[in-house]
*Asks:* 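Sharing a structure, written as structure tokens. Questions coming.
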Amino acid sequence: MASTLPRILLTGFDPFGGETINPSWEAVRALHGRRLAGHRVVARQLPTEFARSLVVLKAALREVRPAIVLGVGQAGGRSRLSIERVAINVADARISDNAGAQPIDVPVVADGPAAYFSNLPIKAMLAALHAAGLPAEISNTAGTYVCNHVAYAMAHFTARLRGVRSGFIHIPFLPDQAVRHVHAPSMALEDVTQGLAIALRVVASTDADIRAAAGTIS
Ligand code: PCA
């Protein structure tokens, strides 16, 4: 790679669950090669498959050697850019993945810790998104499908690497997907892409989070 800037590994997924596109891949590929706060963005697509997603992730981590890792995934039905606080050590698939696998109550990493908190400045990211007029939220569950699996693995694989930080953002359907999902909220690709760039700029320019309430009562 020509650039000597520290790198951001930004991942999106291929389509799954009957969709023909995955907005996460559309958004992250739009940022591939971009320079953000002194970092170079490298976008990679992960398969929506429990087993192979981690193989591709591991290879990307080895190749890119990122300082920052941000996973992005589609969360149809969510209305906001959804910054994940935590990833848990369980796979419980409601639908088969793209390879036909449907793990039920299987740990992501045998003998791994129950969960990892994101070590990105999630409240500062949230504040920057809101300041830019983009709907965003802190989410306390990334689900139990391939996204949580990848978010957990990102944290686990990078936990031993000094200075490497990782996190995950779920995004809504795009408008043309929502045409086929009555009542499902959607967000324009330009807004998602801009939101990811804003969030990454915050991550790349600060270690410290801010103190601001963004929890839920239930
Ligand atoms: N969303 C799924 C997996 C791939 C994606 O984009 C999830 O939320 O688990």
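Indexing begins at 1, ligand by ligand and atom by atom, following the structure's order.
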*Asks:* Please say whether more than 12 non-hydrogen atoms of neighbouring residues, nucleotides or ligands are located less than 6.0 Å from CZ in Arg65.
*Replies:*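 Check fails, neighbour count at 12 or below.
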
*Asks:* For ligand 1, which atoms sit closer than 4.0 Å to a heavy atom of Phe16?
*Replies:*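 In order of numbering, the contacting atoms are 1 (N), 2 (C), 4 (C), 5 (C), 6 (O).
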
*Asks:* Evaluate the criterion side-chain contact (heavy atoms from CB on, under 4.5 Å) for residue pair Val56 and Arg44; output intermediate values, then yes/no.
*Replies:* CA-CA 9 Å; Val56 177; Arg44 288 285 186 273; 5.8 Å; no

*Asks:* Quick one: do Leu70 and Val86 end up in the same hydrophobic cluster if we chain Ile, Leu, Val, Met, Phe, Trp and Tyr together by side-chain heavy atoms under 4.5 Å apart?
*Replies:*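 No, no single cluster joins them.
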
*Asks:* Do Leu129 and Val192 sit in one hydrophobic cluster, given that two such residues count as connected whenever their side-chain heavy atoms are within less than 4.5 Å of each other, even indirectly?
*Replies:*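 As far as the 4.5 Å side-chain criterion goes, Val192 and Leu129 are connected within one cluster.
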
*Asks:* His170: heavy atom below 4.0 Å from ligand 1, yes or no?
*Replies:*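 Flag set, His170 near ligand 1.
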
*Asks:* Which protein non-hydrogen atom lies closest to atom 2 (C) of ligand 1, naming both residue and atom, and how far is it?
*Replies:*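 That would be Cys147 SG, 3.1 Å.
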
*Asks:* Nearest protein heavy atom to atom 1 (N) of ligand 1, by residue and atom, and its distance?
*Replies:*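 Ranking protein heavy atoms by distance from atom 1 (N) of ligand 1, first comes Gln74 O, 2.8 Å.
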
*Asks:* Check ligand 1 against Asn22 and write out every atom of the ligand that is under 4.0 Å from a heavy-atom position of the residue.
*Replies:*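 What qualifies from ligand 1 is 5 (C), 6 (O).
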
*Asks:* Do Phe157 and Leu46 sit in one hydrophobic cluster, given that two such residues count as connected whenever their side-chain heavy atoms are within less than 4.5 Å of each other, even indirectly?
*Replies:*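 Linked, Phe157 and Leu46 end up in one cluster.
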
*Asks:* Can you tell whether the side chains of Glu137 and Lys123 come within less than 4.0 Å, N to carboxylate O?
*Replies:*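 Salt bridge between Glu137 and Lys123, a charged N being under 4.0 Å from a carboxylate O: no.
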
*Asks:* As an exercise, identify every atom of ligand 1 less than 4.0 angstrom from a heavy atom of Thr48.
*Replies:*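 Within the 4.0 Å cut-off of Thr48, ligand 1 contributes 3 (C), 4 (C).
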
*Asks:* Between Phe13 and ligand 1, which part of the residue brings a heavy atom under 4.0 Å of the ligand: side chain, backbone, both or neither?
*Replies:*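 Phe13 to ligand 1: side-chain contact only, backbone stays beyond 4.0 Å.
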
*Asks:* Would you tell me whether His181 and Glu19 have side-chain atoms, one donor and one acceptor, within less than 3.5 Å of each other?
*Replies:*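 Checked: His181/Glu19 side chains pair up, N/O donor to acceptor below 3.5 Å.
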
*Asks:* Please identify which atoms of ligand 1 are closer than 4.0 Å to at least one heavy atom of Val146.
*Replies:*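 Answer, ordered by atom number: 3 (C), 9 (O).
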
*Asks:* At less than 4.0 angstrom from any non-hydrogen atom of Gly73, what atoms of ligand 1 do you find?
*Replies:*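 Those qualifying, in numeric order: 6 (O).
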
*Asks:* Which ligand 1 atoms, with their elements, are less than 4.0 angstrom from a heavy-atom of Tyr145?
*Replies:*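 Listed by number with element: 2 (C), 3 (C), 7 (C), 9 (O).
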
